[in-house]
Asks: 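Sharing a structure, written as structure tokens. Questions coming.
Lettering of chains follows the sequences in order, A, B, ..., and the numbering in each one begins at 1. Excluded from the calculations below are hydrogen atoms, water molecules and symmetry mates; all remaining heavy atoms, backbone and side chain alike, are included.
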2 protein chains.
Amino acid sequence: MSSAAPPASTGYARGRATREEILEAAVQLFGEVGYRTASLREIASRVGISHPGLLHHFPSKAALLEAVLARRDEVDSIALQADLDAGHSLGEAFARVVERNVARPGIVELFVSLSAEATSAGHPAHAYFRRRYAEVLATVRRDFEQLRDRGVLRPDVDPATAARQLVAVLDGLQVQWLLEEGLPPAERVDMPAAVRAFSASLMVG
Amino acid sequence: MSSAAPPASTGYARGRATREEILEAAVQLFGEVGYRTASLREIASRVGISHPGLLHHFPSKAALLEAVLARRDEVDSIALQADLDAGHSLGEAFARVVERNVARPGIVELFVSLSAEATSAGHPAHAYFRRRYAEVLATVRRDFEQLRDRGVLRPDVDPATAARQLVAVLDGLQVQWLLEEGLPPAERVDMPAAVRAFSASLMVG
DNA sequence: GTCTATAGACTGATAGAC
DNA sequence: GTCTATCAGTCTATAGAC
């Protein structure tokens with residue numbers, strides 16, 4: 001992917017760098033104040049350009065949001081797949097996603113803010129989040145069905161319900177964790193531990 | 001409460017009615033687009049007055065938000081206490097809160113939107129939600145501790161962790177439920193059932 | 001690729017009439 | 001208690017120079 005050589009004299013390489021910087025600043029600000037409240041001027045100023053300069057890279061605010069979401073999907077799915085390929089269970093792979101997120105609070109803020117905002121029908125990311133949740137829930141449910149067939153899942157646990165509960169625990173803990181910012185670590189929720197505890201509580205033994 | 005007779009000629013009764021209408025419209029709009037994006041003009045127009053007219057009842061936008069939250073706290077805690085007094089367990093009382101909320105989607109939207117928005121430190125409801133979550137988590141944890149002492153809680157369940165998981169499930173399911181608006185009811189998450197299933201999974205037997 | 005300038009619309013809040 | 005008018009600020013997006 002990164003092997004395509006940039007043209008020599010067009011400023012292409014610099015352009016790519018700025019695009020990346022813009023995306024990172026957008027992730028941060030969308031996380032801090034949500035998509036609707038975030039302004040292009042603020043994002044632009046954080047990377048040292050004017051807001052028409054930003055609009056040269058992304059033709060509109062909604063296009064910038066789409067690019068942010070597409071980039072997160074790419075990064076997340078690569079890391080998740082790597083964990084699965086390394087032989088980890090889906091539950092453990094999820095816990096590892098959470099572990100990485102704890103080290104990058106901006107990402108957690110981004111998804112908490114955007115998923116809440118996007119519940120309203122007119123939001124530019126509404127369709128994205130509907131699709132995303134449907135996919136994730138289906139994936140987790142299928143995984144639990146396999147565990148049930150192998151006798152690993154507790155027999156009184158319904159795979160579809162458990163999938164919804166696991167995803168809900170993930171989302172809900174993020175809100176608690178963000179609201180506990182600044183508390184001593186001992187009082188703050190240990191998200192990876194809580195996710196692992198929940199996963200374990202669904203299994204036999 | 002409602003037995004205090006309004007003065008005869010001051011327009012007091014009408015004023016109270018307008019105040020109530022404003023609060024209801026604010027709940028709706030804050031839920032639809034969040035606090036920051038909601039405009040006083042839009043709320044005012046929904047109750048048929050101008051925005052300076054609204055500001056006569058609530059001196060600022062933040063004051064309106066505070067009033068909205070205070071009113072929800074009052075309504076919710078009265079209903080919750082009534083369920084507890086009627087002999088229901090805290091888990092069951094929670095499930096009943098969810099049942100009522102399913103019939104009033106605006107309330108669910110309000111809390112999903114606001115709690116996400118308020119995770120950022122500068123938000124006018126930040127302190128409110130920090131306090132609220134700390135209180136709710138402590139209450140649920142104490143309840144689980146009592147259940148453990150009575151041998152009702154599964155012995156491998158930690159009360160503090162379970163409290164966090166229950167509150168997280170509640171919050172997370174709301175996001176899923178809102179994103180599934182418009183789907184056939186069979187495909188939409190059954191929030192009360194999922195909450196009851198989770199509560200039950202924590203108990204022995 | 002980035003800028004200044006600007007259009008056109010919206011915001012919360014205030015002043016002051018009735 | 002509600003209004004009109006207005007202030008000073010913000011927003012996204014576009015036009016056009018360099």
Asks: D/dT2 phosphate, OP1 or OP2: any side-chain N/O from B/His56 under 4.0 angstrom?
Replies: no
Asks: Separation of A/Arg19 atom CZ from C/dT2 atom P, in whole Å?
Replies: 13 Å
Asks: Heavy atoms from C-beta onward define the side chain here; which of C/dT2, C/dT14, C/dG12 lies closest to that of B/Leu55?
Replies: C/dT14
Asks: Starting from P on C/dA13, measure out to CD1 on B/Ile43 and report it in whole angstrom.
Replies: 11 Å
Asks: Can you find a side chain N or O atom of B/Thr37 that sits less than 4.0 Å from OP1 or OP2 on C/dT11?
Replies: no
Asks: Without decimals, in angstroms, what is the distance between A/Leu64 CG and D/dC11 C1'?
Replies: 15 Å
Asks: Any N/O pairs under 3.5 Å between the protein and nucleotides 3-8 of chain D? List them or say none.
Replies:
{"from": "D/dC3", "atom 1": "OP2", "to": "B/Ser50", "atom 2": "N", "distance (Å)": "2.5"}
{"from": "D/dC3", "atom 1": "OP2", "to": "B/Ser50", "atom 2": "OG", "distance (Å)": "2.7"}

Asks: Using the C1' atoms of five pairs at each end, what's the angle between the two axes of the helix from C/dG1-D/dC18 to C/dC18-D/dG1, to 10 degrees?
Replies: 0°
Asks: Rounded to the nearest 0.5 Å, how far apart are CG of A/Leu80 and CG of A/Asp85?
Replies: 9.5 Å
Asks: Could you tell me whether A/Glu24 and A/Arg71 make a salt bridge, using a distance below 4.0 angstrom between a side-chain N and a carboxylate O?
Replies: yes
Asks: Rounded to whole angstrom units, what separation is found between the NE2 atom of A/His57 and the P atom of D/dT14?
Replies: 16 Å
Asks: In the structure I gave you, are the side-chain heavy atoms of A/Val97 and A/Asp83 within less than 4.5 Å of one another anywhere?
Replies: no
Asks: Does the distance from a Lys or Arg side-chain N to an Asp or Glu carboxylate O, for B/Asp76 and B/Arg100, drop under 4.0 Å?
Replies: no
Asks: Ignoring hydrogens and angles, write down the donor-acceptor pairs under 3.5 Å from the side chains of residues 110-117 of chain B, residues two or more places apart or on other chains.
Replies:
{"from": "B/Ser113", "atom 1": "OG", "to": "B/Gly31", "atom 2": "O", "distance (Å)": "3.0"}
{"from": "B/Ser113", "atom 1": "OG", "to": "B/Glu109", "atom 2": "O", "distance (Å)": "2.9"}
{"from": "B/Ser115", "atom 1": "OG", "to": "B/Phe111", "atom 2": "O", "distance (Å)": "2.6"}
{"from": "B/Ser115", "atom 1": "OG", "to": "B/Val112", "atom 2": "O", "distance (Å)": "3.4"}
{"from": "B/Glu117", "atom 1": "OE1", "to": "B/Tyr35", "atom 2": "N", "distance (Å)": "2.7"}
{"from": "B/Glu117", "atom 1": "OE2", "to": "B/Tyr35", "atom 2": "N", "distance (Å)": "3.4"}
{"from": "B/Glu117", "atom 1": "OE2", "to": "B/Arg36", "atom 2": "N", "distance (Å)": "2.9"}
{"from": "B/Glu117", "atom 1": "OE2", "to": "B/His123", "atom 2": "NE2", "distance (Å)": "3.3"}

Asks: Under 4.0 angstrom, heavy atoms only, what part of the nucleic acid is B/Ala44 near: base, sugar-phosphate, or nothing?
Replies: nothing
Asks: Round to a whole Å and report the spacing from CZ of A/Arg36 to P of C/dT11.
Replies: 13 Å
Asks: Between the side chains of B/Glu181 and B/Arg188, is the shortest nitrogen-to-carboxylate-oxygen separation below 4.0 Å, so that they form an ion pair?
Replies: no
Asks: At 4.0 Å (heavy atoms only), tell me whether B/Ala62 reaches a base, stays on the sugar-phosphate, or touches nothing.
Replies: nothing
Asks: Do B/Val136 and B/Phe94 have side-chain heavy atoms sitting under 4.5 Å apart?
Replies: yes
Asks: Need to verify one output field. Residue with the more 5' nearest nucleotide on DNA chain D, A/Glu42 or A/Pro59?
Replies: A/Glu42
Asks: Let me know the distance between NZ of A/Lys61 and P of D/dA13, rounded to the nearest Å.
Replies: 8 Å
Asks: When you compare the side chain of B/Leu64 with that of B/Leu40, does any pair of heavy atoms fall below 4.5 Å?
Replies: yes
Asks: For B/Leu40, which contact category applies under a 4.0 Å heavy-atom criterion: base, sugar-phosphate, or nothing?
Replies: sugar-phosphate
Asks: Side chains of A/Val27 and A/Ile107: does their closest heavy-atom pair fall under 4.5 Å?
Replies: yes
